[in-house]
Student: 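I have a structure here, written as structure tokens, and I will follow up with some questions on it.
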2 protein chains.
Amino acid sequence: MAEDKNENTEEKIITAANEIFEKKGYDGAKMQEIADKAGINKALLHYYFRSKDKLFEMIFAMAFNRLAKEMDFLFNADMSLEDKITVFVDKHADFLSKNRHLPLFIVNEVNRRPEMFVNIFSKLYEKDDRLKKILAQIEKEKKAGRLKDVDLRQVMINLISMNVFPFAAKPLVKGLFRMDEAEFNKFIQDRKKIVTETIINSIVIK
Amino acid sequence: MAEDKNENTEEKIITAANEIFEKKGYDGAKMQEIADKAGINKALLHYYFRSKDKLFEMIFAMAFNRLAKEMDFLFNADMSLEDKITVFVDKHADFLSKNRHLPLFIVNEVNRRPEMFVNIFSKLYEKDDRLKKILAQIEKEKKAGRLKDVDLRQVMINLISMNVFPFAAKPLVKGLFRMDEAEFNKFIQDRKKIVTETIINSIVIK
DNA sequence: TTATGATTTAACTGTTTGGTTATACCGAAT
DNA sequence: ATTCGGTATAACCAAACAGTTAAATCATAA
């Protein structure tokens, strides 16, 4: 089947392009390098994706969706708020360990070309009721007197900040505290408990 | 005085190069664009800084020092821990408002060329007793029974994460919560109190 | 006045890069 | 056996880019 080969090559390109774009950004990535990493030649690369821009836009959209899907859990899972936070921190840290460059890549390219990201973003969230869902959950618990009267958005940003930043700034963290790789990994593991507690502490009335 | 003009031009170059490198990163920045923004020509730009690399290294070192100096406060100020945190969050948020691209720039380039940053970093902190200083303060307060037994390093990273991330991810935050510029700024102002409380809450025994 | 360093102009070099094209090869379906 | 899409090779083009050079101008200090 020709289609089979076709998909394989396309996947090889996507995998290679993803790695290189994530690590080096749009400007740092070179088509030749992507072709090399995919094990094909430049002509074929352009045969599949006509231009660097088109290739990049697809990679970016896929990366963004991967990240957004990871966040979905926060909105959809059917759990108590505390459990939700605990499980999310755990899942998210593991996800980030395996996707070291993803968040920085997204943040970077979104800053560099905000207009490009607006499209993807509004497609993803235009008919979105997830934010409302979790807001409802919170409001209910607030009325039950279990939660402090805090802005949920701030808490969400706190949660994501504390999760993402140490990975993005990994070399700085390692340098500042003079950690080797093992120490850094332990530091990340230890964070799970601390971040969870910090967040829950900041919203639950004791 | 020739020296005077000299310095002026050098300053003009540094200012321009700083803006462009911070906004676009090493790969995205072009020497011609820097020359244009400085109001001079490419020949003169190379006359002052022989290569893009040399120019970049100077800009990066300066930017890094600016950021490090801002952090110094955390280590040196003669205040109670709570006051220190409160004032730091306040100062830091204002600093970041005025230096939108600085932290992302640093994080990016440190990831892209970790070896370059190791030099600057160790020069800055090699005979450093600041970490020890604040550690001593913490230990004292722990023994006094006022503080939880938490890893200070984790708390520091939490603090910096919550401060920096919303600025770095500004377009994402605005998009997610559908904020305009004014709403975002209010959001940032409101964060000061929330971040301060969250951090203090996470370390002080009540 | 002259010498010197700062600055401009403009052309140029060499290299990298995105993208194209022509030609041929190969495997599989018809 | 032929056709066709996927793939390789290799040469090529045009633009962008870092960096250089030569010649001229300008300001100013000696």
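Bear in mind that the values here come from a model prediction, so they are computed numbers and not experimental data. Reminder, nothing fancy here: chain letters follow the sequence lines and each chain counts from 1.
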Student: Among C/dT8, D/dA18, C/dT21, which nucleotide sits nearest the side chain of B/Lys42?
Tutor: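 Of the options given, the side chain of B/Lys42 lies nearest D/dA18.
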Student: Going by the salt bridge (charged side-chain N to carboxylate O under 4.0 Å, His left out) test, which pairs reach into residues 38-54 of chain A, not counting sequence neighbours?
Tutor: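 Sorted pair list: A/Asp53-A/Arg113.
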Student: Kindly state which residues belonging to residues 17-28 of chain A come within less than 4.0 angstrom of DNA chain C, counting heavy atoms of the residue only, listed by number.
Tutor: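 Residues of residues 17-28 of chain A under 4.0 Å from DNA chain C: none.
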Student: Can you tell me which nucleotide in C/dG18, D/dA8, C/dT9 comes closest to the side chain of A/Ile40?
Tutor: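 Closest nucleotide to the A/Ile40 side chain: D/dA8.
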Student: Could you state the CG-P distance from B/Leu44 to C/dG5, rounded to the nearest angstrom?
Tutor: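 Atom CG in B/Leu44 sits about 15 Å away from atom P in C/dG5.
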Student: Is the positively charged end of A/Lys91 above the ring of A/Phe73, judged by distance under 6.0 angstrom from the centroid and angle within 45° of the axis?
Tutor: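 Positive - A/Lys91 is close enough to the ring of A/Phe73 and near enough to its axis.
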Student: Please examine the side chains of B/Met62 and B/Asn65, heavy atoms only from C-beta on, and report whether any two atoms are closer than 4.5 Å.
Tutor: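 B/Asn65 vs B/Met62: side chains apart.
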Student: Measure CD/A/Gln32 against P/C/dT16 and give the value in whole Å, please.
Tutor: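 Distance, rounded to whole Å: 12 Å.
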Student: Sequence neighbours excluded, which residues qualify as ring pair (Phe, Tyr, Trp, His ring centres under 6.0 Å) partners of B/Phe21?
Tutor: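 For B/Phe21, the residues satisfying ring pair (Phe, Tyr, Trp, His ring centres under 6.0 Å) (neighbours in sequence not counted) are B/Phe56.
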Student: Rounded to whole angstrom units, what separation is found between the CD1 atom of A/Ile34 and the C1' atom of C/dT17?
Tutor: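 Rounding to the nearest Å, CD1 of A/Ile34 and C1' of C/dT17 are 12 Å apart.
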Student: Tell me the salt bridge (charged side-chain N to carboxylate O under 4.0 Å, His left out) pairs involving residues 156-166 of chain B, sequence neighbours left out?
Tutor: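 For residues 156-166 of chain B, and leaving out neighbouring residues, there are no salt bridge (charged side-chain N to carboxylate O under 4.0 Å, His left out) pairs at all.
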Student: For D/dG6, take OP1 and OP2 only and decide whether either is under 4.0 Å from a side-chain N or O of A/Thr9.
Tutor: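 Looking at the OP1 and OP2 atoms of D/dG6, neither is under 4.0 Å from any side-chain N or O of A/Thr9.
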Student: Could you state the CD1-C1' distance from B/Ile13 to C/dA6, rounded to the nearest angstrom?
Tutor: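 It is 11 Å, rounded to the nearest whole Å.
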Student: Starting at CG of A/Asp53 and ending at P of C/dT17, how long is that distance when rounded to a whole Å?
Tutor: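 Taking CG of A/Asp53 and P of C/dT17, I get 16 Å after rounding.
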Student: Just the table, please: protein N/O against nucleotides 14-17 of chain D N/O, every pair under 3.5 Å.
Tutor:
none

Student: Expressed in angstrom and rounded to an integer, what is the separation of B/Leu55 atom CG from D/dA18 atom C1'?
Tutor: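 Atom-to-atom, B/Leu55 to D/dA18, this comes out as 12 Å.
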Student: Give a yes/no on whether any side-chain N or O of B/Asn41 is located under 4.0 angstrom from OP1 or OP2 of C/dT8.
Tutor: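 For B/Asn41, the contact criterion (side-chain N or O under 4.0 Å from OP1 or OP2 of C/dT8) is met.
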Student: Taking only residues two or more places apart in sequence, or in another chain, which ones meet B/Asp94 in a salt bridge (charged side-chain N to carboxylate O under 4.0 Å, His left out)?
Tutor: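 Checked B/Asp94 against salt bridge (charged side-chain N to carboxylate O under 4.0 Å, His left out); matches are B/Lys192.
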Student: Whole Å only: how far is the NE2 atom of A/His46 from the P atom of D/dT9?
Tutor: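 My rounded result for the distance is 16 Å.
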Student: From CG of A/Asn8 over to P of D/dG5, roughly how many Å is that when rounded to an integer?
Tutor: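 From A/Asn8 CG to D/dG5 P: 19 Å.
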Student: For a quick test of reading the model: is some side-chain N or O of B/Ser51 closer than 4.0 Å to OP1 or OP2 of D/dA18?
Tutor: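 No, B/Ser51 has no side-chain N/O under 4.0 Å of OP1/OP2 on D/dA18.
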Student: Which residues satisfy the side chain to side chain donor-acceptor pair (under 3.5 Å) test with A/Asp27, sequence neighbours excluded?
Tutor: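 Scan of A/Asp27 (side chain to side chain donor-acceptor pair (under 3.5 Å), adjacent residues dropped) gives none.
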Student: With a 4.0 Å cutoff (strictly under), does any side-chain N or O of A/Tyr48 reach OP1 or OP2 of D/dG6?
Tutor: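 Answer is no, no contact under 4.0 Å.
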Student: For residues 96-105 of chain A, pull every pair meeting salt bridge (charged side-chain N to carboxylate O under 4.0 Å, His left out), keeping only residues two or more places apart or in separate chains.
Tutor: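 Sorted result for residues 96-105 of chain A: empty, none.
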Student: Choose from D/dG5, D/dA10, C/dT7 the nucleotide whose nearest atom is closest to any side-chain atom of A/Tyr47.
Tutor: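 Side chain of A/Tyr47 sits closest to D/dG5.
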Student: Per the salt bridge (charged side-chain N to carboxylate O under 4.0 Å, His left out) rule, what does the pair list look like for residues 149-165 of chain B, sequence neighbours excluded?
Tutor: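 Counting only pairs at least two positions apart or across chains, the salt bridge (charged side-chain N to carboxylate O under 4.0 Å, His left out) contacts touching residues 149-165 of chain B are B/Lys142-B/Asp149, B/Asp151-B/Arg153.
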Student: Under 4.0 Å between a Lys/Arg side-chain N and an Asp/Glu carboxylate O for A/Lys174 and A/Glu181?
Tutor: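 Yes.
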